Asker: 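One structure is given below, represented as structure tokens, and several questions about it will come after.
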Amino acid sequence: MSLGERSCYCGEVRESHLNQRLILKGWVRRRRDLGSLVFVDLRDRTGFVQLVFSEDRDAATFLAAKELRPEFVIAVEGVVKLRGEKDANVHLATGAVEVEVAQMDVLCEAATPPFPIEDDALVSEEMRLKYRYLDLRRPFQNQRIVARHRLMQRARKQLSSEGFLEIETPFLGKSTPEGARDFLVPSRLRAGTFYALPQSPQLFKQLCMVAGFDRYFQVVRCFRDEDLRADRQLEFTQIDIEMSFPDEEMVMGVAERLTRALFEEAGLTAPASFARLTWAEAMERYGCDKPDTRFGLELGTVSEVAAKTEFGVFRSALDAQGAVRGLAVPGQANISRKELDALNEVVKPFGGKGVVSLMRRNGALAGQALKHIGEGPAAAMLAAVGAKDGDLGLFVAAPYETACACLSALRLYFRDKLGLVDKDHHALLWVHRFPMFEWSRDDNRWVARHHPFTMPREEHLDMLESDPQKVEAQAYDLVMDGNEIGGGSLRIHSGKIQRKVFRALGFSDEEAQDKFGFLLEAFKYGTPPHGGIAFGLDRLAMLLLGCESIRDVIAFPKTTSGLCLMTQSPSEVEPKQLEELAIEIKKSPPRSHDPKEGN
RNA sequence: GGGAUCGUAGCUCAGCUUGGUUAGAGCGCCGGCCUGUCACGUCGGAGGUCGCGGGUUCGAGCCCCGUCGGUCCCGCCA
């Protein structure tokens, strides 16, 4: 058997190969040794097929088969035989046949893996990440990476077919003040200066429009040095899109066709239509700018009724210009005291002091705070959130945004607790008309909610200086099942407006010139109106493939503390490397990443 | 930066509430037997710095403090 020869993949062997002599290669999945008959499952990325070794074929090969262990890499030559009705395995694609092995090469022996290479093996994520190459060898994890490949190729095909050009942009770029924390890369040739890895190719794709490419896309890695989450990694992949002369509808159209294509590629049915909500509507109805619209439990505001009560909780919130908001949970009027207490824990992380509950059981009002609120107002509050007999009304009194966040959390809590969504059903939703700015308490100034290159709505341009909080952006997010999967905007293409926005953000003209001078310069030479969108590929793949974590669709992800458990990065570097970069380390790093070593 | 939770055999876990001979289970691993297995069966065996450091105690896997690491969340991030 020569190294390059292979008849087909293991998972592809069928009855059509009957009596053919095949050369197969793969990993030993399992050996079943019956004494003078040995079965071996041979696995590769397509599945596995049963090999049979028997004494009366070839004694040497048979004895070698007895020495096989899980994960040995072998090559075999043998004849495909029908298993017969009694011995066939109906659960396997290859189960009707088996390969009678005449010859075998052990290409590589294997140590016993730290965990079984099986889908149903229970393995901690720590183990999976440390031995990622073994985790990826497991069929289901392997398939996720294959599926991600398909999604990427489909995206490229779809966008190319609409005339978009895939253009690469630099990874070594310029640090920009807005947005996330940059990853810095020290320059050796100009020691003391730094490149920044791109948070996104935002400015380069805009410059592609200035260059006249008209339609650009890129499947591109982005880097943000912020804390990680189940759906956030330090580096992640965007499907980045930009086009010239669009209106919002055109960008949304491109995005919708792409989304439908990706749903199809994943074997899912996209919802018939993409719903649309303004940001203000989303906050009012769901308390969230990326609502899960697959179920009800919509929010209501009861501030007016609450203002008529003497209830201290309501009074103090309303006196501080806050709101009393609530929602109705159908059929939960008989919720236990213990379960109600648990709700307080749900809202705590979002700044809520507590949840006020009212309910109507068999016509009678109930609730701990009922005596403070009074029957009349209580009935009105329940009516206002649509609570009927047998329903539970939950209310939060707090600043408007806090009340929204708390009730949104309660919505999701009951979604999961009561199983309100069908996992096979998906919702796609555009949220648009975002506020252009939000107030940063840390920086004591306005910051761009999307980014500083977003075009404000034309009719709001006059308010940039006078009423920045009222300015709406021509920005839009695509939301799937309560997750933001993409976001974009029409961009500013005039230096004049761009300077006004920089000023609203508190940049002096000098700062703007220093940080974004190249953009303002480019805008002088004929810039087409342009806009675009970027999809978070990892997050979208996660949702389309039904994964719980973004790490499941990334071949080599990092832990939530930004470590690679496989390579032990980040790590210290040689003093010589630091010298070349003219860098001195002030603080000694933690001594170990290895949990087995500790201190 | 903060909160929650977890760390015991190669893996997944029990033991911790109430500190007390020699720390258990399943799977895996090693060896014997077995011609139709496919979670093969069967008989036998090996395997532990209880993440790490310190403290309390006559005595710590168990209690306390710190630390490292995994996960989830808030802040942060779009």
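Quick caveat, the model's predicted, so the values are computed rather than measured. We name chains A, B, ... by the order of the sequence lines, and we start the count at 1 in each one.
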Asker: Could you tell me whether A:Lys348 contacts a base, only the sugar-phosphate backbone, or nothing, with contacts defined as non-hydrogen atoms closer than 4.0 Å?
Answerer: nothing

Asker: State which of B:rU12, B:rG10, B:rC38 makes the closest approach to the side chain of A:Pro114.
Answerer: B:rG10

Asker: Taking a pair as Watson-Crick or G-U wobble with both distances under 3.5 Å, which nucleotide is matched to B:rC63?
Answerer: B:rG55

Asker: Checking all strands, does A:Asp225 fall into the base, sugar-phosphate, or nothing category for heavy-atom contacts under 4.0 angstrom?
Answerer: nothing

Asker: My understanding is that a pair needs two contacts under 3.5 Å, Watson-Crick or G-U wobble. By that rule, which nucleotide pairs with B:rG45?
Answerer: B:rC29

Asker: Both distances under 3.5 Å, Watson-Crick or G-U wobble: report the partner of B:rA4, or none.
Answerer: B:rU71

Asker: Does OP1 or OP2 of B:rC40 have a side-chain N or O of A:Arg32 closer than 4.0 Å?
Answerer: yes

Asker: Just the table, please: protein N/O against nucleotides 26-28 of chain B N/O, every pair under 3.5 Å.
Answerer:
none

Asker: Anything under 3.5 Å between a protein N or O and an N or O of nucleotides 42-48 of chain B, put it in a table, one pair a line.
Answerer:
none

Asker: Can you check whether A:Ser561 reaches A:Leu228 side chain to side chain, under 4.5 Å on heavy atoms?
Answerer: no

Asker: Contact class for A:Leu34 (heavy atom, under 4.0 Å): base, sugar-phosphate, or nothing?
Answerer: base

Asker: Ignoring hydrogens and angles, are the base of B:rU37 and the side chain of A:Arg83 linked by a donor-acceptor pair under 3.5 Å?
Answerer: yes

Asker: As a test of understanding, state which of A:Arg137, A:Arg138, A:Arg29 forms a salt bridge (charged side-chain N to carboxylate O under 4.0 Å, His left out) with A:Glu118.
Answerer: A:Arg29

Asker: Given the C1' atoms of B:rU18 and B:rA60, what is the spacing between them in whole Å?
Answerer: 14 Å

Asker: Under the salt bridge (Lys or Arg N to Asp or Glu O under 4.0 Å) rule, what do A:Arg83 and A:Glu15 come out as? Steps first, then yes or no, please.
Answerer: CA-CA 10 Å; A:Arg83 287 212 210 173; A:Glu15 284 176 86; over 6 Å; no

Asker: So that I can tick it off, tell me whether A:Asp341 and A:Lys338 are bridged by a salt bridge, with the cut-off set at under 4.0 angstrom between side-chain N and carboxylate O.
Answerer: no

Asker: Do A:Trp279 and A:Glu472 meet the criterion of a side-chain donor-acceptor pair at a distance under 3.5 Å?
Answerer: no

Asker: Mind checking A:Glu345 for me? I need base, sugar-phosphate or nothing, with any heavy atom below 4.0 Å counting as a touch.
Answerer: nothing

Asker: Check if the side chain of A:Glu126 and the base of B:rU71 share a donor-acceptor pair of N or O atoms closer than 3.5 Å.
Answerer: no

Asker: Can a donor-acceptor pair be found between the side chains of A:Thr169 and A:Gln218 at a distance below 3.5 Å?
Answerer: yes

Asker: Counting only heavy atoms not in A:Tyr400, do more than 12 sit closer than 6.0 Å to its OH atom?
Answerer: yes

Asker: Does A:Arg415 pair with A:Asp481 as a salt bridge, N-O distance under 4.0 Å?
Answerer: no

Asker: Whole-Å distance between B:rC29 C1' and A:Glu71 CD?
Answerer: 14 Å

Asker: Heavy-atom distance under 4.5 Å between the side chains of A:Phe171 and A:Val185, does that happen here?
Answerer: no

Asker: Out of A:Gln206, A:Glu242, A:His530, which residue meets the side-chain hydrogen bond (donor to acceptor under 3.5 Å, both in side chains) rule with A:Arg491?
Answerer: A:Glu242

Asker: Side chain of A:Arg551, heavy atoms from C-beta onward: which of B:rC40, B:rC38, B:rC72 has the nearest atom to it?
Answerer: B:rC72

Asker: Using atom C1' in both nucleotides, what's the gap between B:rG53 and B:rC43 to the nearest angstrom?
Answerer: 45 Å

Asker: Sugar-phosphate means primed atoms, P, OP1 and OP2; the rest is base. With that split, encode nucleotides 73-78 of chain B 5' to 3' as B, S or - using protein heavy atoms under 4.0 Å.
Answerer: SBBBBB

Asker: Can you check whether A:Phe516 reaches A:Lys174 side chain to side chain, under 4.5 Å on heavy atoms?
Answerer: no

Asker: Which nucleotide, in any strand shown, forms a Watson-Crick or G-U wobble pair with B:rC76, with both distances under 3.5 Å?
Answerer: none

Asker: Would you classify A:Ala111 as touching base, sugar-phosphate or nothing, given that sugar-phosphate means primed atoms plus P, OP1 and OP2, and contacts are heavy atoms under 4.0 Å?
Answerer: nothing

Asker: What is the distance, to the nearest angstrom, from the CZ atom on A:Phe115 to the P atom on B:rC13?
Answerer: 14 Å

Asker: Quick one: look up who B:rC13 pairs with, Watson-Crick or G-U, both distances under 3.5 Å, and put none if it's unpaired.
Answerer: B:rG24

Asker: Please report the distance, rounded to the nearest Å, between CG in A:Leu68 and C1' in B:rC29.
Answerer: 16 Å

Asker: Would you tell me if any nitrogen or oxygen in the side chain of A:Ser124 comes within less than 4.0 Å of OP1 or OP2 on B:rU12?
Answerer: yes

Asker: I want to check one thing: is the phosphate of B:rG70, taken as OP1 and OP2, less than 4.0 Å away from some side-chain N or O of A:Ser561?
Answerer: yes

Asker: Could you check which of B:rU12, B:rG31, B:rC34 has an atom nearest any side-chain atom of A:Arg69?
Answerer: B:rG31

